[in-house]
**Student:** 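Once you've had a glance at the structure underneath, I'll fire off some questions.
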There are 2 protein chains.
Amino acid sequence: MENKKIIFPELFFTDKNLVGRDVCKISRNLSDLKGIFADVEAFEKMPQDKLAYEVSSFLPEKEGTPGGLYFGITYLYPGKVGNEYMMTKGHYHASIDRAEFYWGLEGEGMLILMDEQRNVWAERVFPGSLHYIPGGVAHRMANVGSSLFSFAACWPSDAGHNYAEIAEKGFSARLIEVNGIPHLI
Amino acid sequence: MENKKIIFPELFFTDKNLVGRDVCKISRNLSDLKGIFADVEAFEKMPQDKLAYEVSSFLPEKEGTPGGLYFGITYLYPGKVGNEYMMTKGHYHASIDRAEFYWGLEGEGMLILMDEQRNVWAERVFPGSLHYIPGGVAHRMANVGSSLFSFAACWPSDAGHNYAEIAEKGFSARLIEVNGIPHLI
């Protein structure tokens, strides 16, 4: 009898890292986040090459492929711009009905959500919290702690990213620090 | 300014468990696995109410909803039927092009894969291994260790399960123990 192929995997999702063949990394500096913070003066005083977040992704299908899935980890650095927490750009999915799972790995974050009627709410994110983002809901993450905040994600390969609408109109609420506590106002 | 809603999450994916609101559990006894093992005599001698595996799932969308995602953990107990490792029923997705991610949490397993041309291969699964199952590939898991084997999964809510084809024709290779080592033959 032929012994068929048993393969050692080439992709690893250890508790806080995604490593292996075909894992790609992107970085966002503060300059990539121009326009998303309320306090423009504070933003402009900060070093524009400061690393804001990094994303390690495994994207096994061509973007737009129906039925496929993507997997990634985002590492969002701590900090504030004025009294507003460091955050990701935020997006709707280009295919608006596509969902996504996020789950916290390290540090303390906040998932900021906005539906198509521009209602905004947020969920606390911490190691072990799991978050379902249904279709039609824009999402961004903020680091509300003082250390690195990381989270994993799984999303459809035909979701795409609609950054433009958020870049133009923003979210209808902001997550700011008031006396050391995050407030969504 | 109105302070909008900040929610404490109600769903938790700790390192080996999925718990929280709306998590559902199913169990498969040995009797549910009738017909999938080669050694029928050995199978029939075993207690049919023996627990084979359990699945904890979070299914936030109605089955068949396009764009949505599901999340689950499977706990597959150790054991053998004759010289064949304990395994899940195995399925293609009913929407054949739907992909799935699996990743190992605990114990030692093997992901058995078969494409539509009935080519079979397998990947070792262990804590930290991440596995992408593209569309068109049937999949089942086997426990090749002596302790509980658990793994997490994320898949589209419109994937569905086609168990019938595997129930009828099986996989074209079996994972059996030969001198203490898993062989796919």
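Keep in mind that what you see is a predicted model, and the values were worked out from it rather than measured. Sequence lines set the chain letters: A, B, ... in the order given, protein chains first and strands last, and positions in each chain run from 1.
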**Student:** Starting at CZ of A:Phe71, measure out to NE2 of B:His131 and round the result to the nearest 0.5 Å.
**Tutor:** 11.0 Å

**Student:** If you group Ile, Leu, Val, Met, Phe, Trp and Tyr by side-chain heavy-atom gaps below 4.5 Å, do A:Tyr75 and A:Ile26 land in one group?
**Tutor:** no

**Student:** Of the backbone (N, CA, C, O) and the side chain (C-beta and beyond), which part of A:Leu111 lies under 4.5 Å from a heavy atom of chain B, both, or neither?
**Tutor:** neither

**Student:** Return the option, out of B:Phe8, B:Phe58, B:Trp121, B:Phe12, with the maximum number of heavy-atom pairs under 4.5 Å with chain A.
**Tutor:** B:Phe12

**Student:** Can you get from B:Phe151 to B:Val55 by hopping between Ile, Leu, Val, Met, Phe, Trp and Tyr side chains that sit under 4.5 Å apart?
**Tutor:** yes

**Student:** If you round to the nearest 0.5 Å, how far is CD of A:Glu123 from CG of B:Leu11?
**Tutor:** 9.0 Å

**Student:** Are any non-hydrogen side-chain atoms of B:Phe101 and A:Phe13 less than 4.5 angstrom apart?
**Tutor:** no

**Student:** With a 4.5 Å cut-off on side-chain heavy-atom distances among I, L, V, M, F, W and Y, is there a chain of contacts connecting A:Tyr53 to A:Phe37?
**Tutor:** yes

**Student:** Is it true that A:Val144 and A:Val120 fall in one hydrophobic cluster, defined by side-chain heavy atoms closer than 4.5 Å?
**Tutor:** yes

**Student:** Given that the side chain runs from C-beta out, which part of B:Glu61 has a heavy atom under 4.5 Å from chain A: side chain, backbone, both or neither?
**Tutor:** side chain

**Student:** May I ask whether A:Tyr85 and A:Phe149 are part of the same hydrophobic cluster, defined by side-chain heavy atoms of I, L, V, M, F, W, Y residues being less than 4.5 angstrom apart, directly or through others?
**Tutor:** no

**Student:** Which atoms of A:Ile96 are under 4.5 Å from chain B, going by heavy atoms: the side chain, the backbone, both sets, or neither?
**Tutor:** neither

**Student:** Relative to chain A, which of B:Gly20, B:Pro156, B:Gly67 shows the most heavy atom pairs under 4.5 Å?
**Tutor:** B:Gly67

**Student:** If you round to the nearest 0.5 Å, how far is CH2 of A:Trp155 from SG of B:Cys154?
**Tutor:** 11.0 Å

**Student:** Which heavy atom of A:Pro66 sits nearest a heavy atom of B:Asp97, and at what distance?
**Tutor:** O-OD2, 3.7 Å

**Student:** Between B:Gly68 and A:Ala99, what is the shortest heavy-atom contact and its length?
**Tutor:** CA-CB, 3.8 Å

**Student:** Can you say whether B:Leu175 sits under 4.5 Å from chain A via the side chain, the backbone, both, or neither, judging by heavy atoms?
**Tutor:** side chain

**Student:** Can you list the steps and then say if A:Arg124 with B:Ile6 is a side chain to side chain contact (heavy atoms under 4.5 Å, CB included)?
**Tutor:** CA-CA 7 Å; A:Arg124 293 181 176 279; B:Ile6 295 180; 4.2 Å; yes

**Student:** Output yes when a side-chain donor or acceptor of A:Tyr132 lies under 3.5 Å from a complementary backbone atom of B:Leu69, and no otherwise.
**Tutor:** yes

**Student:** Using the ring of each side chain (for Trp, its six-membered ring), is A:Trp103 parallel, tilted or perpendicular to B:Trp103, with breaks at 30° and 60°?
**Tutor:** parallel

